[in-house]
Amino acid sequence: EQARETHSGWYIHHQDDHAQLDRELSLLGELDEAARDGTLKVAYQPKLDLKSGRIVSAEALVRWHHPVLGPLSPDSFVPLAERHDRIRPLTAYVLDRALADAAEWRARGHSVSVAVNISSLLVASPDFFEAVVAATKRDDFVPGGLIFEVTESAALSDPESAVQALHAFRAMGIKVSLDDYGTGQSTLSYLQQLPLDELKIDRRFVQHAHLQAADAVLVRSTIDMAHQLKLKVVAEGVEDQPCLDFLAAAGCDTVQGYLIGKPMGSDAFVAKLTDFRHAA
Ligand code: C2E
Ligand code: MG
Ligand code: MG
Ligand code: MG
């Protein structure tokens, strides 16, 4: 009786796993198709430099409006692509679009860099490295115009390879930003080891920093520490003016969040850049 229950329990699980895998594989097929037919979009979220009051950069964020399921969060399909070895083509797609769009912004007179999120699985991958080398050989590639946003987990599995890859990216003129700072595991030791240009404080610390003393201390001390390490600091998830005022007073270099702008299409981003220039 018990054995049968155990067996049937396993069987039900097995069926579920199988159905789940089927769904994932068909979604992946549709993701490939979306990349081929251009349904997959890239949205850009502005980063505002507090010293100059100018938008200096934009983060590229992938967007997929599924014909049946509607808009899907990258937090769902990016991990899916990672699990099934499809993250490299997805990232190559975003990188290609981001570089082409940034070249257009420059052609319209806006000197703005573009940031692309690089999965920790890709940082030290030789295949991805080749795609990056090819990207830097584009006619429209400008040193300093491209930022890679990486997370601490990139360094966890194989620190030596990660450090080596990041050094190589920087030698090609790509800047490196540590994303979601404060949510990782081994923050301090990796901060010393990783070759970085920028540190992005995760929005969970940023959003209440002007209201909660504990978050305020964390954000202020992170900014001071980063500056001593010669890193620029970006605060993500800035949604209101009091939060921005707190960050400005704390010496934060750059802010990003709904207050400045939500992720938007390339044309809307150019319009936003023009507005800001007129306002300045
Ligand atoms: P992330 O890189 O930390 O990006 C920031 C996320 O916070 C974005 O969500 C952005 O829309 C959201 N956000 C920005 N400002 C605010 C704000 O003021 N308030 C709130 N509540 N949220 C804000 P999104 O676009 O859904 O992306 C989620 C994550 O998916 C990203 O986190 C990134 O890790 C990943 N992702 C997105 N695009 C790509 C991609 O092309 N490649 C890879 N590997 N990952 C990507
Ligand atoms: Mg990011
Ligand atoms: Mg982030
Ligand atoms: Mg995040």
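Scope of the values below: all heavy atoms of this structure, side chains included, with no hydrogens, waters or symmetry mates. Indexing begins at 1, ligand by ligand and atom by atom, following the structure's order.
- Here the angle at the Mg ion (ligand 2) defined by OD1 in Asn117 and OE2 in Glu59 stands at 90°, rounded to 10 degrees.
- For ligand 1, the polar-atom distance check finds an N/O of Tyr258 within less than 3.5 Å of one of the ligand's N/O atoms.
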Lys175 vs Glu198, test: salt bridge (charged side-chain N to carboxylate O under 4.0 Å, His left out). Steps then yes/no.
CA-CA 8 Å; Lys175 292 190 171 174; Glu198 178 184 279; over 6 Å; no
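- Looking at Val163 and Pro195, their side chains come closer than 4.5 Å, going by heavy atoms from C-beta outward.
- When the heavy-atom distances from atom 35 (C) of ligand 1 to Ser119, Ser76, Pro74, Ala235 are ranked, the shortest goes to Pro74.
- Electrostatic pairing of Arg204 and Asp215 does not count as a salt bridge here, judged by no charged N lying under 4.0 Å from a carboxylate O.
- Between Arg86 and Asp32, at least one side-chain nitrogen of the basic residue sits less than 4.0 Å from a carboxylate oxygen of the acidic one, meeting the salt-bridge criterion.
- Distances below 4.0 Å separate heavy atoms of Asn117 from the following atoms of ligand 1: 2 (O), 42 (N), 43 (C), 44 (N), 45 (N), 46 (C).
- In this structure, Lys272 forms no cation-pi arrangement with Phe269, as its terminal cationic atom is not both closer than 6.0 Å to the ring centre and no more than 45° off the ring axis.
- Looking only at its N/O/S atoms, Glu236 has OE1 as the one nearest to the Mg ion (ligand 3).
- Within Glu149, the N, O or S atom at minimum distance from the Mg ion (ligand 2) carries the name OE1.
- Set against the non-hydrogen atoms of Pro263, the atoms of ligand 1 under 4.0 Å away are 11 (O).
- In this pair, Phe128 and Phe148 present their aromatic rings tilted. The plane angle is within the 30 to 60° band.
- Residue Asp179 touches ligand 1 through its side chain alone, judged by heavy-atom distances below 4.0 Å.
- Near Gln45, with a cut-off below 4.0 Å to any heavy atom, the atoms of ligand 1 are 14 (C), 15 (N).
- Hydrophobic clustering (side-chain heavy atoms under 4.5 Å, transitive across Ile, Leu, Val, Met, Phe, Trp, Tyr) groups Leu244 together with Ile55.
- Every atom of ligand 1 with a heavy atom of Glu239 under 4.0 Å away is listed here by number and element: 17 (C), 18 (O), 19 (N), 20 (C), 21 (N).
- The distance criterion of under 3.5 Å between nitrogen or oxygen atoms is met by Arg203 with respect to ligand 1.
- Neither the backbone nor the side chain of Leu259 has any atom closer than 4.0 Å to an atom of ligand 1 (non-hydrogen atoms only).
- Using the six-membered ring where Trp is involved, Trp64 and Phe77 have ring planes that are perpendicular, over 60° apart on the 30 and 60° scheme.
- Note that the OG1 atom of Thr136 and the CG atom of Leu95 stand 9.5 Å from one another [nearest 0.5 Å].
- Ionic pairing of Asp140 and Arg138 is present here: one or more N-O contacts between side-chain nitrogen and carboxylate oxygen are shorter than 4.0 angstrom.
- Not one N/O/S atom of Asp180, from backbone or side chain, sits under 2.8 Å from the Mg ion (ligand 2).
- Residue side and main chain included, Asp179 places an N/O/S atom under 2.8 Å of the Mg ion (ligand 3).
- In this structure, Thr91 does not count as a contact residue of ligand 1, since none of its heavy atoms falls inside 4.0 Å of the ligand.
- Considering only non-hydrogen atoms, atom 41 (O) of ligand 1 lies nearest to Val94 out of Thr151, Val94, Ile87, Leu40.
- Applying the 4.0 Å criterion to heavy atoms of Glu236 picks out, from ligand 1, the atoms 3 (O).
- At least one heavy atom of Arg63 sits less than 4.0 Å from an atom of ligand 1.
- Under the 4.5 Å side-chain heavy-atom criterion for ILVMFWY residues, a single connected hydrophobic cluster contains both Ile260 and Leu273.
- The distance from ligand 1 to the heavy atoms of Gly257 drops below 4.0 Å at these ligand atoms: 15 (N), 18 (O).
- By the 4.0 Å heavy-atom criterion, Glu82 is excluded from the residues contacting ligand 1.
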Test salt bridge (charged side-chain N to carboxylate O under 4.0 Å, His left out) on Lys47 and Glu149 and set out the steps.
CA-CA 13 Å; Lys47 296 186 185 181; Glu149 295 194 5; 3.2 Å; yes
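- When each atom of ligand 1 is checked for a heavy atom of Glu59 under 4.0 Å away, the hits are 1 (P), 2 (O), 4 (O).
- A salt bridge is absent between Glu130 and Arg88; no separation between the charged side-chain nitrogens and carboxylate oxygens falls under 4.0 Å.
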